[in-house]
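For reference, the structure discussed in these notes is given below.
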Amino acid sequence: MEQIHWTDFEKVALRVGTVIEVVDFPEARKPAYQLKVDFGKFGIKWSSAQITKHYTKEELIGRQILGVINFPEKQIANFKSQFLVTGFADVDGEIVLASVERPVPNGSVLI
């Protein structure tokens with residue numbers, strides 16, 4: 001594994017946001033949702049996430065997640081993803097969301 005410097009890590013804007021809307025994304029190649037997330041002073045952003053195996057739309061509303069908000073927008077089918085939803089693959093390769101243990105202000109940075 002390549003080592004990086006602290007200044008490299010500081011370039012990644014890993015921020016916490018609260019999911020405020022979730023819709024199905026039938027145009028995606030693999031089952032996915034479109035998530036609308038409030039990142040506080042960084043605004044409201046949309047992303048797609050292949051998390052339908054572990055999460056229902058209803059249980060995602062109000063949940064705080066971690067996202068990388070300084071990547072360029074990415075076109076996914078007919079949708080522009082504005083940030084990267086972060087998570088970990090379980091033993092079956094299904095994504096488990098990275099999240100915070102306790103509520104923190106939207107837009108808080110991972111340090």
### Contact summary for Ser81 and Ser47, nearest pair of heavy atoms
OG-OG, 3.0 Å
### Query
Applying the 4.5 Å side-chain criterion to the ILVMFWY set and letting contacts propagate, would Val19 and Ile44 be lumped into a single cluster?
no
### Task
Treat each ILVMFWY residue as a node, draw an edge where side-chain heavy atoms are under 4.5 Å apart, and state whether Val22 and Ile51 are in one component.
yes
### Summary
When every non-hydrogen atom of Thr86 is compared with those of Leu66, the smallest separation belongs to OG1-O, 2.8 Å
### Task
Evaluate the side-chain proximity of Lys57 to Tyr33: yes if any heavy-atom separation is below 4.5 Å, no if none is.
yes
### Task
Check whether any side-chain N or O of Gln82 sits under 3.5 Å from a backbone N or O of Trp46 as a donor-acceptor pair, and report yes or no.
yes
### Task
Apply side-chain contact (heavy atoms from CB on, under 4.5 Å) to the pair Phe71 and Val12, showing each step before the final yes or no.
CA-CA 8 Å; Phe71 281 140; Val12 181; 5.8 Å; no
Which donor-acceptor pairs under 3.5 Å do the side chains of residues 89-111 make with protein atoms, sequence neighbours left out?
| residue | atom | partner | partner atom | Å |
| --- | --- | --- | --- | --- |
| Asp90 | OD1 | Asp92 | N | 2.8 |
| Asp90 | OD1 | Gly93 | N | 3.0 |
| Asp90 | OD1 | Glu94 | N | 2.9 |
| Asp90 | OD2 | His54 | NE2 | 2.6 |
| Asn106 | OD1 | Thr18 | N | 3.3 |
| Asn106 | OD1 | Thr18 | OG1 | 2.7 |
| Asn106 | OD1 | Gln64 | NE2 | 3.1 |
| Asn106 | ND2 | Thr18 | OG1 | 3.4 |
| Asn106 | ND2 | Asp38 | O | 3.4 |
| Ser108 | OG | Pro105 | O | 2.7 |

### ILVMFWY network linking Phe25 to Val85, side-chain heavy atoms under 4.5 angstrom
no
### Query
Is there a path from Val16 to Ile65 through hydrophobic residues (I, L, V, M, F, W, Y) whose side chains come within less than 4.5 Å of each other?
no
### Message
Taking Ala77's backbone N and O only, do any of them form a donor-acceptor pair with Gln75's side chain (distance below 3.5 Å, no angle check)?
### Response
yes
## Note on the structure
OG of Ser48 to CZ of Arg29, rounded to nearest 0.5 Å, is 10.5 Å
## Note on the structure
Rounded to the nearest 0.5 angstrom, the CZ-NZ distance for Arg15 and Lys41 is 6.0 Å
### Task
Decide if the gap between the ring center of Phe39 and the ring center of Phe83 is smaller than 6.0 angstrom.
yes
### Co-membership, hydrophobic cluster, residues Leu60 and Ile20, 4.5 Å side-chain
no
